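Predicted, not measured: the structure shown is a model, and the values here were computed from it.
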Amino acid sequence: MYSGIMWTVICDGCGRQVEVPDSAPGTRVQCPTCGDWNIVRGKADVTPAATRGPASGRGDRAVDLGFPSEQGPETRVLRLHPVALRARPVSHGLVLVVIAAGLIGAVVLLLRTPSQTWWAAASAAAAVIGLGMLAYWKVVAITETLVVTTKRVTYIRGLLSRHTSEIPHEDVKNIQISQSLWQRIVGIGRVGISSAGQDDVEIIIGDVPGPYRVREAINAYRNVMD
């Protein structure tokens, strides 16, 4: 029977805390933020909901902003990759046109003029090159990752070789966000993060979705107001 005690579970989709009743283990709960359904397998998946208010310390501000509490084990808050389509919509549109035209041209030439195999091959090659460009853009995007946890922010770059930069939240000195007009419209931007021990910007990642949400998440654990 429901006792009125609330617990929290971390959403698998967006990493935010979702309040659930203590009767939730064994059921499915929907995140009100991203709509993802999460299965609460047992008491190990939930923790008591944080007490809100100034008396409960730094973790309360993070919870109030919709992030996991700073208290307890380190928890992932955000995991982001640069976006390719929103950053270069015109280029992607042109490549898609080339792919479609190449495939259609190859099929039409083979069906109507079987003797024109060279032109059909050229059309097919154009489509293959276009697909290769899309694949390349996607691979470049996934080789860069920005991870924000309740304790630190980490930047990971590379596919075969790997470069990692890590800054604890308490050492973050400055967070820079730059956006063009188009980036402001589509909600992406360039994020630069420097630490108190370095004069230069240590982490730079471009075309990140929701750059101001990234800053808000880091500042929540720095106990700094945006």
Visitor: Please name the pair of heavy atoms, one in G130 and one in I99, separated by the smallest distance, quoted to 0.1 Å.
Guide: C-CD1, 3.5 Å

Visitor: Counting distance only, does the side-chain N/O of Q183 pair as donor-acceptor with the main-chain N or O of S180 below 3.5 Å?
Guide: yes

Visitor: Mind jotting down which residue pairs meet the salt bridge (charged side-chain N to carboxylate O under 4.0 Å, His left out) criterion with at least one end in residues 154-166? Sequence neighbours excluded, please.
Guide: R152-E166

Visitor: Can a side-chain donor-acceptor contact be found between E202 and Y155 if the only test is distance below 3.5 angstrom?
Guide: no

Visitor: For V153 and I203, work out which heavy atoms get closest and say how close.
Guide: O-CD1, 4.2 Å

Visitor: Any non-hydrogen side-chain atom of I177 less than 4.5 Å from a side-chain atom of R215?
Guide: yes

Visitor: Measuring from I104:CD1 to L109:CG, what's the distance to the nearest 0.5 Å?
Guide: 11.5 Å

Visitor: Taking atom types as modelled, is there a side-chain donor on E74 or T149 under 3.5 Å from an acceptor on the other?
Guide: yes

Visitor: Give the cluster check for I188 versus L78: same hydrophobic cluster or not, with ILVMFWY residues linked at side-chain heavy-atom distances below 4.5 Å.
Guide: no

Visitor: Looking only at non-hydrogen atoms, find the nearest pair between G187 and P211 and report the distance.
Guide: O-CD, 3.8 Å

Visitor: In the single-linkage hydrophobic clustering (I, L, V, M, F, W, Y; side-chain heavy atoms under 4.5 Å), do V139 and L80 co-cluster?
Guide: no

Visitor: Applying side-chain hydrogen bond (donor to acceptor under 3.5 Å, both in side chains), which residue pairs with at least one partner in residues 123-139 are found, sequence neighbours left out?
Guide: none

Visitor: Using every non-hydrogen atom in the two residues, find where V63 and P68 come nearest and quote the distance to one decimal.
Guide: CG2-C, 4.4 Å

Visitor: What distance do I204 atom CD1 and L146 atom CG have between them, rounded to the nearest 0.5 Å?
Guide: 12.0 Å

Visitor: At what distance, to the nearest 0.5 angstrom, does CD of E70 lie from CZ of R222?
Guide: 13.0 Å

Visitor: Can I get a per-line list of side-chain donor-acceptor pairs under 3.5 Å for residues 85-96, giving both atom names and the distance, sequence neighbours left out?
Guide:
{"unit_1": "R86", "atom_1": "NH1", "unit_2": "V186", "atom_2": "O", "d": "2.9"}
{"unit_1": "H92", "atom_1": "ND1", "unit_2": "R88", "atom_2": "O", "d": "2.8"}

Visitor: Please tell me whether M133 and L131 are part of a single hydrophobic cluster in this structure, the criterion being side-chain heavy atoms less than 4.5 Å apart.
Guide: yes

Visitor: Hey, is the main chain of H81 close enough, under 3.5 Å, to the side chain of T145 for a donor-acceptor pair?
Guide: no

Visitor: Kindly determine whether I218 and H169 satisfy side-chain contact (heavy atoms from CB on, under 4.5 Å), including the steps that lead there.
Guide: CA-CA 7 Å; I218 297 172; H169 291 316; 3.7 Å; yes

Visitor: Taking the side chain as C-beta and beyond, is there a heavy-atom pair between I193 and N174 under 4.5 Å?
Guide: no

Visitor: For residues V77 and A217, report the shortest heavy-atom separation together with the two atoms involved.
Guide: CG1-CB, 4.3 Å

Visitor: Would you compute the distance between atom OG1 of T150 and atom CZ of F67 and round it to the nearest 0.5 angstrom?
Guide: 12.0 Å

Visitor: Using 0.5 Å steps for rounding, measure from the OG atom of S194 to the NZ atom of K173.
Guide: 6.0 Å

Visitor: Could you tell me if the side chain of D207 sits less than 4.5 Å from the side chain of R190, heavy atoms only?
Guide: no

Visitor: So which atom in L65 and which in E216 form the shortest heavy-atom distance, rounded to 0.1 Å?
Guide: CD2-OE2, 3.6 Å

